[in-house]
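These values consider heavy atoms only, across backbone and side chains, with no hydrogens, waters or symmetry-generated copies. Per chain, numbering begins at 1; letters A, B, ... match sequence-line order.
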Number of protein chains: 2
Amino acid sequence: MSAPTDTAAARAGRPTLAVVGATGAVGTVMLDLLSTREDVWGEIRLIASPRSAGRRLRVRDEDVEVLALAPEVFDGVDVAMFDVPDEVSKEWAPVAVERGAIVVDNSGAFRMDADVPLVVPEVNAAAARRRPRGIISNPNCTTLSMIVAIGALHRAFGVRELVVASYQAASGAGQSGIDALQDQLAKVASDRNLGSRAGDVRAAVGDLGPFPAPLALNVVPWAGSLKDDGWSSEELKVRNESRKILGLPELRVTATCVRVPVITTHSLSVHAVFEQELTAASAREVLASAPGVVVSDDPAKAEFPTPADVVGTDPTWVGRIRRSLDDPHGLELFLCGDNLRKGAALNTAQIAELLAEELTA
Amino acid sequence: MSAPTDTAAARAGRPTLAVVGATGAVGTVMLDLLSTREDVWGEIRLIASPRSAGRRLRVRDEDVEVLALAPEVFDGVDVAMFDVPDEVSKEWAPVAVERGAIVVDNSGAFRMDADVPLVVPEVNAAAARRRPRGIISNPNCTTLSMIVAIGALHRAFGVRELVVASYQAASGAGQSGIDALQDQLAKVASDRNLGSRAGDVRAAVGDLGPFPAPLALNVVPWAGSLKDDGWSSEELKVRNESRKILGLPELRVTATCVRVPVITTHSLSVHAVFEQELTAASAREVLASAPGVVVSDDPAKAEFPTPADVVGTDPTWVGRIRRSLDDPHGLELFLCGDNLRKGAALNTAQIAELLAEELTA
């Protein structure tokens, strides 16, 4: 154990970090990450809604009191990470900036703002340097579950088109999503007669929670809110954010987003078409050496990524790598990424660490 | 109630049907269908492995004794429906033909045989007439979950390419798949701490049953056996069978098949490209009038197909109909079909009914 005075000395001169939304599903993972990753921060301030203020949370082996969100809590803060609903970010991120902080925001409020970079450190770290509004956005968890791998393939082969189908976890809808799935599972697990007649599962699960249909013993082809022409907001995020992160505003992207009864870790089936011809072997080689990517691809040994095996880990896992049978430019992939880690907290922490490095350089 | 003599009189002169594999998951649904659909059959003989012989099963409000599979049980049979493993069909379908039956086979044994038609009555009923081996194959359940809808769209717009991602139910792996999922769910449902650490679910579920990874609280990107270049047999079936049923041997088809923790009803996300330009509205119009298809597509009212709502019904349900944003020839769809009904027993029954009509014409 290091003496508290040593810790205090080491932290002097390091940037101050604020974690806004410290008590949520992503906030909880964030405190875990801040406690286990290399410590680059001076003070860490935990901020939440007034309802949660006064609670004490564990971070870096210390109990830290949660402060209520207010303008003055950002005084002296160098980097503020926000994981709160869109409307809270929209109101409070500019306040934090005004008080001198650089904001890393995990909501959808600023992601498509031309003056706000959308950053995935393994793909476009340099974009974080130009931030005229003082805000950097963290991409949506579904986009993040594939974009590190797609970015690596793009650098090698030039991506031209993505067709995405998602298998999204309940925790993408926050703690209420996790609770709803677990409540529903408890209700259906004991009845072995469910699952063969329409409506039986719907009657058994009771409360749908934040989902528009039962999630236990079901899949639900919907995530987010309704946009034009029948698209869900989640599907348009995958499209628009992939284009922005890769710097390819004309990239062909189409997605169908589907919720599955998994607690945490999003999976995606991706059909990708590239400028250059490629093979499964050449794609596998690129992915195997890409930072933040792990290849798990040996079906003969039952090796492929699944949420149950990937949850709680940092990388994007890629398997089922196949060259399209009809197109030497096409590739099929199945990817898994922990939507609360790389899909949210981890990528936010990585962006904040880029800023810490810049601030202390 | 009709008097038994009336029933016997009505059945005289009608063709004799054999149901081989009467005790399995699909066989059970078949007996239900034979009891509820318009009765076109004379005698119905139930056949299974010697292990199940002697059991009495209910069909058409009568208890019928199950006979052990043997050459002589096919004597006098006009149509024999097989739902048994590939190797059993391979051995016994020719025996049934030799004894004078026309075989409708739901295994993979004959589907790609050029002398065996692969029939979906709503799509290619005429193909059932040319059957030089006396065998008609029923397509794989995953192909069947989409092909009625795709066939209708093809007639209107000319299909050029399909990119498919599946969400396949446990019962696609038979009764052992259902049992494994239910056993696993019972084990994980009570532990609310599962789902955030890698390996926890794997440790909790114990027996994997017929699946290569846990299925409860998970999705598994694998179905079938390993074929060349990392493809699964299920993925190649979707490709090869779609081509054969649609009569388009050069159709571009790529699929990634994924098992999900649903008891029964397969779902598919499909990106389809057509020769002609189309709109979501024109596609919806075609689908709405297609036999065997129900359109459920109003996300504002939470209307889209899900397995829990579709299971136990006959049609292919289609929702989330969107025109691709980058391609006026492209369409996105989400489809659900009961894999034991249209995906297996129902389509087999429909083919058999085509034959009954032909035999009594």
Examine whether an atom of [X] lies under 4.5 Å from a heavy atom of chain B, and if so say whether it belongs to the side chain, the backbone or both; otherwise answer neither.
X	result
A:Leu325	both
A:Thr279	neither
A:Leu340	neither
A:Asp179	both
A:Leu236	side chain
A:Val219	both

- Message: Using the ring-ring contact (aromatic ring centres under 6.0 Å, His included) criterion, which residues pair with B:Tyr167? Sequence neighbours excluded.
- Response: A:Tyr167, B:Phe334
Selection from [options] maximising heavy-atom pairs under 4.5 Å formed with chain B:
options	answer
A:Ala302, A:Ala189, A:Ala198, A:Ala281	A:Ala198
A:Ala300, A:Ser171, A:Pro212, A:Ala308	A:Ala308
A:Gly312, A:Ser166, A:Pro214	A:Ser166
A:His271, A:Arg239, A:Arg323	A:Arg239
A:Ala165, A:Ser269, A:Pro221	A:Pro221
A:Ser190, A:Ala186, A:Pro305, A:Ser196	A:Ser196

- Query: CZ of B:Arg192 to CG of A:Asp183: how many Å apart, nearest 0.5 Å?
  - Reply: 4.5 Å
Looking only at non-hydrogen atoms, find the nearest pair between [X] and [Y] and report the distance.
X	Y	answer
A:Gly195	B:Val311	O-CG2, 3.3 Å
B:Asp326	A:Arg243	OD1-NH2, 3.0 Å
B:Trp231	A:Ser324	CZ2-CA, 4.4 Å
B:Ala213	A:Phe304	CB-CE1, 4.5 Å

Below 4.5 Å, heavy atoms only, C-beta onward: do [X] and [Y] meet side chain to side chain?
X	Y	result
A:Leu185	B:Leu217	yes
A:Arg320	B:Ser232	yes
B:Asp327	A:Arg252	yes

- Residues of residues 254-264 of chain B near chain A, each having a heavy atom less than 4.5 Å away: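 From residues 254-264 of chain B, the residues near chain A are B:Thr254, B:Ala255, B:Thr256, B:Cys257, B:Val258, B:Val260, B:Pro261, B:Val262, B:Ile263, B:Thr264.
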- What do the steps show when you test B:Glu235 against A:Glu332 for side-chain contact (heavy atoms from CB on, under 4.5 Å), and what is the final call? CA-CA 11 Å; B:Glu235 289 156 354; A:Glu332 317 301 322; over 6 Å; no
- Query: Any Lys/Arg nitrogen of A:Arg197 or B:Asp32 sitting under 4.0 Å from an Asp/Glu carboxylate oxygen of the other?
  - Reply: no
- Task: Please flag which part of B:Gln184 lies under 4.5 Å from any non-hydrogen atom of chain A: side chain, backbone, both or neither.
- Result: neither
- Query: With A:Lys237, which residues qualify under salt bridge (charged side-chain N to carboxylate O under 4.0 Å, His left out), at least two apart?
  - Reply: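 In terms of salt bridge (charged side-chain N to carboxylate O under 4.0 Å, His left out), with neighbours along the sequence ignored, A:Lys237 is linked to no residue.
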- Task: Can you run down the side-chain hydrogen bond (donor to acceptor under 3.5 Å, both in side chains) pairs that involve residues 303-318 of chain A, sequence neighbours left out, and say none if there aren't any?
- Result: A:Thr306-A:Asp309, A:Thr306-B:Asn218, A:Asp309-B:Arg202, A:Thr313-A:Trp317, A:Asp314-A:Arg341
- Out of B:Gln182, B:Arg322, B:Glu161, which one racks up the most heavy-atom pairs below 4.5 Å with chain A? B:Arg322
